[in-house]
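Note that the numbering runs from 1 along the sequence shown for the chain.
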Amino acid sequence: MRQINPRIQGITIVEVLVGVLLVSVIVMVVLTPLTGFFGLTRRSTQQVGATQAAQQILETVRGDWLSPAVYAQRCTTADLSGGNLTLTVTNLDLDGNTAGEAPMHPSCNGNSPDLAPARRVSVTVRDGAAQSTLSVDVARP
């Protein structure tokens, strides 16, 4: 029969607590940067969403303004009703210098024609904390 050495003992509660403390410190060191990355991902997603919304509005305006009549009326089929977007239209002269603001009209009926040689359309879309501003110059068709 084997004899048990009384000097050999199991681990103590203090050793278990020290081990748990070390594991928790390692977990905190690893997880803290990950939570920061999750916040960056959320902000990046908002920025991409705002940029895509602004780009969609600009492309709709450019497509509508391929028609000389719609260009002269300064109107579009784009949905401009969102409270998180701002659209500004500026008339440009032949040299590309600003020649005054041109209001965008919600409908294409009964507006006085504006035959500016070119216009600069700027769209600002806000999505949460993200904001995207895009501009495009559109020549008269």
Please identify each residue that fulfils side chain to side chain contact (heavy atoms under 4.5 Å, CB included) with P141, with sequence neighbours left out.
P68, Y71
Applying side-chain hydrogen bond (donor to acceptor under 3.5 Å, both in side chains) as the test, list every pair that has at least one member in residues 124-141; sequence neighbours left out.
T51-S132, R120-D137, S122-S135, T124-T133, R126-Q131
Can you name the one residue among T86, V123, L87 that meets side-chain contact (heavy atoms from CB on, under 4.5 Å) with L80?
L87
Partners of D79 by side-chain hydrogen bond (donor to acceptor under 3.5 Å, both in side chains), sequence neighbours excluded?
S81
Taking it one step at a time, do L134 and Q55 satisfy side chain to side chain contact (heavy atoms under 4.5 Å, CB included)?
CA-CA 7 Å; L134 300 177; Q55 185 175 12; 4.0 Å; yes
Answer yes or no: is there a side-chain heavy-atom contact under 4.5 Å between V89 and E101?
no
Hey, does the side chain of R74 reach the backbone of P103 with a donor-acceptor pair shorter than 3.5 angstrom?
yes
Shortest non-hydrogen contact from D64 to C75?
CB-O, 4.5 Å
Sequence neighbours left out, what passes side chain to side chain contact (heavy atoms under 4.5 Å, CB included) with A53? Give chain and number order.
V125
So does N111 get a backbone contact from the side chain of Q73, meaning a donor-acceptor N/O pair under 3.5 Å?
yes
For the CZ atom of F37 and the CG atom of L31, what is their distance to the nearest 0.5 Å?
12.0 Å
Just to verify, what does I26 make a side chain to side chain contact (heavy atoms under 4.5 Å, CB included) with, not counting sequence neighbours?
none
Taking only residues at least two apart or on different chains, which pairs with a member in residues 24-45 satisfy side-chain hydrogen bond (donor to acceptor under 3.5 Å, both in side chains)?
none
Do D95 side-chain atoms and N97 backbone N/O form a donor-acceptor pair below 3.5 Å?
no
T76 side chain to A78 main-chain N or O, any donor-acceptor pair under 3.5 Å?
yes
